[in-house]
Each structure stands twice: as structure tokens, then as C-alpha cells.
**Student:** 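Just passing along the structure, written as C-alpha cells.
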Amino acid sequence: MKWDAAENRRCKKRPWRTKRKCVKASQSLARVMNNYLNNQQPLYMNKIVVAIDGYSSCGKSTTAKIVAKELHYAYIDTGAMYRTVTLYFLEHYIDLTNPRKISQALQDIHITFERNSRTQRNEVFLNGLNVEDEIRKMYISNKVSEVSVIPEVRHCLVRQQQKMGKKRGVVMDGRDIGTTVFPDAEVKVFMTADIYTRAKRRQQELLEKGEMVALNEIMENLQKRDLIDSTRKESPLVQAADAKLLDTSYITIDEQVDFVLGMVAAKIFQREFSESDKC
Ligand code: DC
């Protein structure tokens, strides 16, 4: 990936107003970003947190993975963590109305992410067992929102996520990253898309994994999850006041990635400038 200083289309998206300022900013940005992306020098010693929240199947994970790779940051899929807990609860017949049993069960759940060198994917492990494919299945999607409303589950996972991002340098996607997990994230994006586009994307994903599900069943599942996720008491799915909205209905993955990287670049550039302005 290369940042092109001469490309005015990109400049227009930047928050600098006059053309002269815009070009000047863009050249610095290109220099700084290219050095950084080529790993020639650390762009900024203090790494940042990139929070990508929004509805299911808007392209959050795909975007977050690419952004993390470009920045040499860690990528954390928090939805996978809620799915893994759901899998454990189902396998162990945990009564979702019994807080004591839930707290006990949570102590026995150990979630880790490991990079698969063959697929180059970050895969999720439950107590040492790879559950990456299992947690994406429809029976988990049908139950996960019910599990994610449980306060004990949320407290436990939010704590783990905060630990994972303590040193910053992470791209995290989910529902409450910019509002609850990292309200101080330097870059916050909130993704949305129309329900039909989201359902089609989800159907394609499931098909690639060998699961054939009718479009209306997927749409119903997405709508039900949207409702539960955005109306729950504990850290509901809402756009953080300082998050930028990105509608992905009619844009490509490249454009989504560009949008987020543009925000990262602007943030880092702003910091570089304010640092170099100091005596
Ligand atoms: O991103 P996903 O579809 O894999 O997420 C699965 C579910 O997990 C989603 O319906 C809501 C829940 N979730 C959550 O409550 N908070 C998060 N930070 C991430 C996911």
C-alpha cells in the first residue's frame, strides 16, 4: 500500500481545509505513512487503539484484519469471544438464568487467539481446542445475543479485552469497543449497511463454509440480533459520540480499509505535528 501525496481525491477526505494546507499535509502524510508502512522507522512511539463497532456482517472483521496487518498491530475479534462462550455454555448445558452457574463456568473458559500459518488467519481456541469453524455456525449465531446480554459474561470478556489492548497497538472489532472497552480509543469507526446486503454477505460466508441457509432465515437472525444487541442494558450497540459512521452497503473492502487507515493516518499525523511543534 502506498500513500500518494499527489492524489487529491484522498486529500479531499482529510480534515484540512485549504488546498495549500491539504497538499502540504498530504505530502507529510505520504512520507510518514510510507516510512511507517515499510517499517523503516516507528511512526509514533505510542501506538494507538482502533475501535471498529457496528452491526453484524457489515465487513467489520474483514476491514479490521487488513487494517491490523497494514499497521503491524494485533487484531482482536471480540464477537468470536462471545461466540466461544456461547459454544461452551451450550456444550455444558449451562442454565442461562443461573448467575452462580454462569460465573462458575466462566472460570473454566480460557479463550486464546493463535495465528494459523497455513491460512494466515487468526483463529480462536477454547481451552486449547480450535473452535474457529464451529463458532461461525448458525446454531451459535442463533444463541449468541442471548448469551451476550448476561452481565457476568460481559464483565468477564470486557476485562479480558482491556487486558489484551493494554499496551495499545490493537485493532478491535465488536459492538461496544468505542463505548465501553476502550472509550479512549484514538480511532473509532461505527459500521452499518442495509439489511439485504448484510444478509447476502453472511449467506456467502456460510456457503463458503459448506452451510446452506435461506436468505430470510439469515435476515431474521440479523434483525433479532440487532434488536437484542442495541436494546440490552449492559453496553448496548450504539455509535459512540466521537465515532465516525461508515455505511458499507455500496463500497468495496478497499474503500472501507482506506477510510479507516485515513483516520489512523490523520490521527498519527496530528500527533506528529503537535510533537514537532513543541520547543
Ligand atoms: O461480530 P459477531 O457477529 O461475530 O458477534 C456475535 C455476537 O456477539 C453479536 O450478535 C453480539 C455479540 N457481541 C457483543 O455483544 N459485544 C461485542 N463486543 C462483540 C460481539
Side-chain angles (χ1 to χ4, degrees), residues 49-65 75-90 96 102 106 109 111 113 121-124 126 131-165 170-183 185 188-193 195 197-199 201-206 209 211 213 217-240 243 248 256:
V49 171
V50 180
I52 304 182
D53 288 307
Y55 297 95
S56 311
S57 307
C58 288
K60 294 193 304 291
S61 314
T62 313
T63 307
K65 266 179 226 164
Y75 162 62
I76 295 160
D77 173 358
T78 63
M81 298 172 79
Y82 287 92
R83 286 173 178 272
T84 304
V85 170
T86 305
L87 174 66
Y88 184 94
F89 283 4
L90 286 175
L96 300 186
I102 287 170
L106 285 168
I109 299 177
I111 301 173
F113 288 96
R121 280 193 318 178
N122 230 11
E123 297 182 337
V124 64
L126 166 61
V131 292
E132 179 62 35
D133 289 334
E134 200 59 28
I135 60 160
R136 309 289 166 192
K137 292 186 178 162
M138 206 57 194
Y139 77 98
I140 299 289
S141 298
N142 284 334
K143 202 74 186 167
V144 65
S145 282
E146 225 178 292
V147 170
S148 351
V149 297
I150 301 170
E152 289 78 7
V153 172
R154 298 213 72 80
H155 295 164
C156 172
L157 293 188
V158 166
R159 251 198 328 269
Q160 285 185 32
Q161 290 152 12
Q162 286 170 335
K163 239 193 210 164
M164 288 169 169
V170 288
V171 181
M172 221 177 249
D173 83 57
R175 304 291 188 287
D176 58 344
I177 312 305
T179 52
T180 306
V181 183
F182 284 105
K188 295 184 189 177
V189 180
F190 189 86
M191 283 193 187
T192 185
I195 188 77
T197 310
R198 291 166 56 202
R201 284 176 187 162
R202 188 87 193 108
Q203 190 183 42
Q204 187 58 34
E205 270 169 29
L206 288 165
K209 287 179 180 141
E211 204 176 350
V213 186
E217 190 188 334
I218 298 175
M219 264 156 106
E220 263 173 39
N221 171 264
L222 290 178
Q223 278 164 332
K224 188 177 152 214
R225 281 205 282 150
D226 287 354
L227 185 70
I228 300 178
D229 293 347
S230 48
T231 55
R232 67 174 175 235
K233 256 202 197 130
E234 197 89 19
S235 54
L237 166 67
V238 282
Q239 182 181 349
T248 66
Q256 291 171 206

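Ligands are counted one by one from 1 in listed order, and the atoms in each one are counted from 1 as well.
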**Student:** To which protein heavy atom is atom 12 (C) of ligand 1 closest, and what is the distance rounded to 0.1 Å?
**Tutor:** S148 OG, 3.4 Å
**Student:** Which protein non-hydrogen atom lies closest to atom 2 (P) of ligand 1, naming both residue and atom, and how far is it?
**Tutor:**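 Nearest neighbour among protein heavy atoms for atom 2 (P) of ligand 1, to 0.1 Å: R175 NH2, 3.5 Å.
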**Student:** Would the distance check show the side chain of E132 and the main-chain N or O of V124 forming a donor-acceptor pair, the cut-off being under 3.5 Å?
**Tutor:**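 Pair found, side chain donor or acceptor close to backbone of V124.
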**Student:** Could you pull out, from G79, G174, S141, S56, the option with a heavy atom nearest to atom 20 (C) of ligand 1?
**Tutor:** G79
**Student:** Donor-acceptor check, side chain of N221 to backbone of S141, threshold 3.5 angstrom: yes or no?
**Tutor:**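 Yes, the answer is positive, given that a donor and an acceptor are paired below the 3.5 Å cut-off.
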**Student:** Check whether the side chains of D77 and N122 place a donor and an acceptor atom closer than 3.5 Å, and report yes or no.
**Tutor:**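 There is no such pair between these side chains.
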**Student:** Taking side chain to side chain donor-acceptor pair (under 3.5 Å) as the definition, give me every residue that meets it alongside R121, ordered by chain and number, with sequence neighbours left out.
**Tutor:** E123
**Student:** With a 4.0 Å cut-off on heavy atoms, is M81 in contact with ligand 1?
**Tutor:**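 Checking ligand 1 against M81, which is what was asked, there is no heavy-atom contact under 4.0 Å.
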**Student:** Has the side chain of Q162 got a donor or acceptor atom that lies under 3.5 Å from a matching backbone atom of V181?
**Tutor:** yes
**Student:** With no hydrogens and no angle check, just 3.5 Å: does a side-chain donor-acceptor pair link R175 and Y82?
**Tutor:** no
**Student:** Which ligand 1 atoms, with their elements, are less than 4.0 angstrom from a heavy-atom of S145?
**Tutor:**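 Selected atoms, number and element: 10 (O).
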**Student:** Would you say that L90 contacts Y88 through its side chain, given a criterion of any heavy-atom pair below 4.5 Å between the two side chains?
**Tutor:**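 L90 does not reach Y88 side chain to side chain.
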**Student:** Just to verify, what does E152 make a side-chain contact (heavy atoms from CB on, under 4.5 Å) with, not counting sequence neighbours?
**Tutor:**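 Applying side-chain contact (heavy atoms from CB on, under 4.5 Å) to E152 gives P99, I102, S103, L106, I150.
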**Student:** In the protein, which heavy atom is nearest to atom 3 (O) of ligand 1, and how far is it?
**Tutor:**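 Answer, as residue, atom name and distance: R225 NH1, 3.0 Å.
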**Student:** Counting each atom of ligand 1 from 1 as listed, which ones have a heavy atom of D229 under 4.0 Å away?
**Tutor:** 9 (C), 10 (O), 11 (C)
**Student:** Do any nitrogen or oxygen atoms of D77 come within less than 3.5 Å of a nitrogen or oxygen of ligand 1?
**Tutor:**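 No - when backbone and side-chain N and O of D77 are compared with those of ligand 1, no distance drops under 3.5 Å.
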**Student:** Does any N/O atom on D173 come nearer than 3.5 Å to any N/O atom on ligand 1?
**Tutor:** no
**Student:** Atom 4 (O) of ligand 1: which protein heavy atom is closest, and how many Å away?
**Tutor:** R83 NE, 2.8 Å
**Student:** Using distance alone, determine whether R136 and ligand 1 share an N or O pair under 3.5 Å.
**Tutor:**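 Looking only at distances, the answer is no, because the N/O contact criterion of under 3.5 Å is not met.
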**Student:** Testing the 3.5 Å rule here: is there a donor-acceptor pair between the side chains of R154 and S235?
**Tutor:**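 There is such a pair between these side chains.
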**Student:** Counting from 1, what ligand 1 atoms have a heavy atom of T78 closer than 4.0 Å?
**Tutor:**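 This gives 17 (C), 18 (N), 19 (C) as the contact atoms.
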**Student:** Any heavy atom of R154 sitting closer than 4.0 Å to ligand 1?
**Tutor:**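 Flag set, R154 near ligand 1.
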**Student:** Return the residue, atom name and 0.1 Å-rounded distance of the protein heavy atom closest to atom 18 (N) of ligand 1.
**Tutor:** D176 OD1, 2.8 Å
**Student:** Taking heavy atoms and a distance under 4.0 Å, where does Q161 meet ligand 1: side chain, backbone, both or neither?
**Tutor:** neither
**Student:** Strictly distance-based, threshold 3.5 Å: is any side-chain N or O of D53 a donor or acceptor partner for the main-chain N or O of D173?
**Tutor:**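 Pair absent, no side-chain N/O of D53 close to backbone of D173.
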